[in-house]
Amino acid sequence: MADKKKYKDDTKLMHVGIDPDSYHGLMNPPISRGSTYKYPSLAAYEDPDHKYRYGRYTSPMAEHFGEALALLEGGYKALPTPSGMSAITVAFLSFLNAGDHVLVSDALYPPARDFCDRTLPRMGVEVTYFDPLIDEAGLKALLKENTKVIHFEVAGSATYEIPDFDMLVKVAKAHDIVTICDNSWASGILFKPLEHGFDVSVLSCTKYIGGHADIMLGAIIARDEALYRPMKTTHKDLGICVAPEDMALALRGVRTLNLRMKATARSALTVAQWLEGREEVARVFYPGLEADANYATMKQYFKGCNGILSIELVPVNKEAVRVFVEGLDLFPIGSSWGGFESLLQPQHMNETRTAVPWTGEGFVMRLQIGLEDPDDLIADLEQGFAIFNAAR
Ligand SMILES: *Cc1c(COP(=O)(O)O)cnc(C)c1O
């Protein structure tokens, strides 16, 4: 096929990660399982650049998946990882040495925060959390001689803060700092960090890319070859590899990524606007709302929003929270997002913020808006609030 890079996203999404001519015309690459490759010759065995050496290092499906993610994110190459979490840890471990310092956004995915608090210090790496809405002077004040990495999510976990990307790129480049962006929120569609000048994009493909709540998968995408090489080495040294079935499911998800994202964003905005008008809700966090603190940066940098929002309830007794959460029919408690189904996840904000201590008094929960009819979702929340009000 001609250079796939030239196409618009909707076209690209239909053609990345496939190569029918290599498979008798079969549109999707077949799932080929295997550990062992037969080398064609001794010379091939002795050639370090011979591609198919052993199942752990790569596989035809890993090549297709990597091509798809690299094209989607506008990067040089992509590495598959068994989860979004391992994409983050491999990226970190590729650029950090004992004695280094790393700046990490305070609005971090909590398990990534655990890695920064528990594992990085054991490796002799010092971590400082920063306010994702920090300005240039504030960021510069946190820099140290040994700051080697800045890590942030393109929209913060649970509260969706969107940093000043132009400023972050400028400061990082001026100080030779590697930037690692968690782009799961935008999932290669709403924002392209590498095209914006950032160095490494990490993705939880478990979320929108898989899109169907049936896989765990991640990816690391490098802006150029110099950034790719150390990550490829760490990936290999840590024995990271992914089964072909999961990558095949992710490639299936890619085809409908933009359609699902648009539909879920439309519903999420409808639900968010409805929630804004409820007296049971103290605050709604959704960058698509004009009243949200991140609305202007969302408009500036992103093509649109996704389907996750959070609410802080007015302060009430725990029993009212419990009957609300357990009384919803279409929002089961679940820890993920990006799938087809709506979900609710309670957030423990006090335990997950230090640079910007949490001051809210009400119970916070994230709502993942699925592909259900938003009228049904709103009706369900409305009956939930009736139970809530009776119990307060
Ligand atoms: C879920 C999530 C991850 C981790 O992805 P897994 O595939 O669950 O390991 C990383 N970053 C963000 C922002 C997430 O929401």
Side-chain angles (χ1 to χ4, degrees), residues 65 69 73 78-93 104-117 119 129 132 149-163 179-191 193 198 200-221 235 238 240-243 245-247 249-250 253-254 257 261 264 268 285-287 294 302 305-310 333-339 341 343-349 352-353 364-370:
F65 176 74
L69 273 290
E73 292 265 340
L79 294 162
T81 59
S83 64
M85 194 54 212
S86 51
I88 296 169
T89 58
V90 169
F92 266 97
L93 295 174
V104 181
S105 164
D106 202 34
L108 202 65
Y109 176 61
R113 197 175 180 110
D114 290 340
F115 172 78
C116 290
D117 291 342
T119 300
Y129 290 98
V149 166
I150 296 179
H151 174 65
F152 59 92
E153 296 175 16
V154 299
S157 273
T159 38
Y160 322 112
E161 294 88 348
I162 301 169
T179 43
I180 303 173
C181 317
D182 186 329
N183 198 31
S184 306
W185 191 93
S187 283
I189 276 290
L190 302 173
F191 181 62
F198 292 112
V200 176
S201 180
V202 291
L203 286 175
S204 169
C205 301
T206 308
K207 311 288 170 50
Y208 283 116
I209 293 192
H212 294 76
D214 52 4
I215 51 168
M216 296 300 305
L217 187 64
I220 309 169
I221 307 97
H235 188 266
L238 294 179
I240 301 275
C241 56
V242 180
E245 287 86 351
D246 291 337
M247 292 184 281
L249 285 170
V254 158
L257 174 63
M261 198 67 109
T264 194
F285 301 87
Y286 186 66
N294 301 285
F302 292 170
C305 276
N306 65 14
I308 44 177
L309 58 95
S310 299
I333 302 175
S335 287
S336 196
W337 50 274
E341 78 295 19
L343 293 170
L344 177 156
Q345 190 189 25
Q347 304 291 319
H348 298 116
M349 302 307 299
T352 53
R353 300 289 159 103
V364 177
M365 62 190 82
R366 183 179 66 211
L367 299 179
Q368 130 86 5
I369 305 301

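We count ligands from 1, going down the list as the structure has it; atoms in each ligand are counted the same way. Computed from heavy atoms alone, side chains included, the values below leave out hydrogens, waters and symmetry copies. In this chain, numbering begins with 1 at the start of the sequence shown.
Ligand 1 has no nitrogen or oxygen under 3.5 angstrom from a nitrogen or oxygen of Ile88.
Taking 4.0 Å as the cut-off, Trp337 counts as a neighbour of ligand 1 on heavy-atom distance.
Atoms of ligand 1 found under 4.0 Å from any heavy atom of Thr206 (numbered from 1 in listed order, with element): 6 (P), 7 (O). Those atoms of ligand 1 with a heavy atom of Met85 less than 4.0 angstrom away are 4 (C), 5 (O), 6 (P), 9 (O). Atoms of ligand 1 lying under 4.0 Å from at least one heavy atom of Asp182, given by number and element, are 10 (C), 11 (N), 12 (C), 13 (C).
In this structure, Glu73 contributes its side chain and Pro193 its backbone to no donor-acceptor pair below 3.5 Å.
For atom 15 (O) of ligand 1, the candidate residues are Arg366, Met216, Lys207, Glu153; the nearest heavy-atom contact is made by Lys207.
Listed here is the closest heavy atom pair of Gln347 and Ala158: OE1-CB, 3.5 Å. Across all non-hydrogen atoms, the minimal contact from Leu190 to Asn306 is CD1-N, 3.8 Å.
Ser157 and Arg113 share no side-chain donor-acceptor pair at under 3.5 Å.
When hydrogens are left out, the protein atom nearest atom 3 (C) of ligand 1 is Tyr109 CE2, 3.4 Å; that is the closest non-hydrogen contact. Ranking protein heavy atoms by distance to atom 6 (P) of ligand 1, first place goes to Gly84 N, 3.3 Å. Scanning the protein heavy atoms around atom 5 (O) of ligand 1, the nearest turns out to be Ser204 OG, 2.9 Å.
Taking a cutoff of 4.0 Å between a charged side-chain nitrogen and a carboxylate oxygen, Glu153 and Lys207 do not qualify as a salt bridge.
Ring orientation note: the planes of His151 and Phe92 are nearly perpendicular, at an angle over 60° on the 30°/60° scale. Using cut-offs of 30° and 60° for the angle between ring planes, the Phe191 and Phe198 rings count as perpendicular.
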